[in-house]
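The structure appears below as structure tokens.
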Amino acid sequence: MIPADAGTPVAVAAILPAKDEAERIAATVRAALRIPGVDLVLVVDDGSSDDTGRIAREAGAQVLTHRKNRGKAAAMMTGAFAVRNREISEAEPGSTPCHRALLFIDGDLEDTAVNTAPLTGPVLAGEADMTIAILPPQKRKGGGFGLVVGLAGRGIADLTGFEATQPLSGMRCLTRQAFDAALPFAAGWGVETGMTIDVLQAGLRVEEVECDLQHRVTGRDLKGQLHRAAQYRDVARALTVRRGKKALGSLARTAAARTRRKEGEDAS
């Protein structure tokens with residue numbers, strides 16, 4: 001249990017959104033349980049057609065299940081809200097709940113999931129509000145042509161000035177404040193891009209951390225190309241929404257400034 005007088009998080013909840021990861025989820029869960037500071041591993045089985053949920057539970061995770069596939073963003077939010085509910089139930093009556101840091105881990109990392117541990121240090125130390133994993137070159141063959149990565153990176157830089165090394169990296173650790181700043185999450189595969197922009201625009205601190213992680217790489221067959229098309233669509237949608245919000249904010253500030261000038265002229 002988290003101490004009642006905790007300021008910055010002193011424990012970590014590992015949240016694993018997963019769909020059809022029966023072959024990899026047990027190793028990923030066991031590795032996540034070995035991360036220092038992790039006292040809760042929660043798998044959100046997002047409408048799997050295999051035994052992902054059962055295998056994750058047998059490996060030591062707590063499991064929540066979406067009966068139908070709702071997408072990665074929805075699975076991440078389901079996990080984070082469940083952690084919040086647990087923290088509320090752990091708190092003494094009349095006291096303020098203490099929050100864990102939220103460590104999001106992809107379900108296909110297998111044994112390398114333990115290497116997300118460096119993400120937790122800056123958050124637990126109060127030095128960063130969100131950390132993002134930088135992955136090494138992957139040993140498995142595959143990978144895309146950089147179109148989605150380029151789109152996300154340019155969009156983040158244009159809107160925030162932050163030059164993301166791997167803008168689509170899904171392994172992240174963040175405070176509850178940073179999580180709340182990113183709500184509502186961008187839909188589908190736009191979640192990481194939207195999260196980075198929202199957290200930075202809230203004035204919070206983002207740090208990239210190198211982590212030795214290996215995961216399943218999307219191939220270049222038809223299935224892989226369809227996956228990348230969906231990624232591109234979702235990232236573009238997330239950027240369009242946030243550009244619109246920024247434009248509206250700029251218009252509102254301009255209107256407010258004009259109102260103040262007019263009031264000043266009328267007063268004189």
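Just so you know, residue 1 is the first one in the sequence shown, and it goes up from there.
Side-chain atoms of R172 do not come within 3.5 Å of backbone N or O of I105 as any donor-acceptor pair. Side chain of T52 to main chain of K19: no donor-acceptor pair is present (N/O by atom type, distance under 3.5 Å, no hydrogens or angles). Put simply, the side chain of T65 never gets that close to the backbone of R67: no donor and acceptor are under 3.5 Å apart. Here the side chain of S169 pairs a donor or acceptor atom with the backbone of A133 at under 3.5 angstrom. A donor-acceptor contact shorter than 3.5 Å links the side chain of D45 to the backbone of S48.
Taking a cutoff of 4.0 Å between a charged side-chain nitrogen and a carboxylate oxygen, R205 and D129 qualify as a salt bridge. Between R100 and E90, at least one side-chain N (NZ, or NE/NH1/NH2) sits under 4.0 Å from a carboxylate O, which counts as a salt bridge.
In the displayed structure, Y232 atom OH is contacted under 6.0 Å by at most 12 heavy atoms of other residues, nucleotides or ligands. Shown here is E127, whose CD atom has more than 12 heavy atoms of other residues, nucleotides or ligands within 6.0 Å.
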Assess whether side chain to side chain contact (heavy atoms under 4.5 Å, CB included) is satisfied between V209 and I132, documenting all intermediate values.
-> CA-CA 6 Å; V209 180; I132 304 172; over 6 Å; no
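Applying the salt bridge (Lys or Arg N to Asp or Glu O under 4.0 Å) definition to pairs two or more places apart or across chains, those involving residues 176-202 are K72-E192, R84-D180, E87-R176, D198-R242.
Under the 3.5 Å distance criterion, with hydrogens and angles disregarded, no donor-acceptor pair is assigned to the side chains of T112 and N115. For T78 and H66, the side-chain atoms include at least one donor-acceptor pair closer than 3.5 Å. Between the side chains of T165 and E208, a donor-acceptor pair is found at a separation under 3.5 Å.
Scanning both residues, C211 and P136, for their nearest heavy atoms gives O-CD, 3.2 Å. Shortest non-hydrogen contact noted between P167 and I156 is CB-CD1, 3.7 Å.
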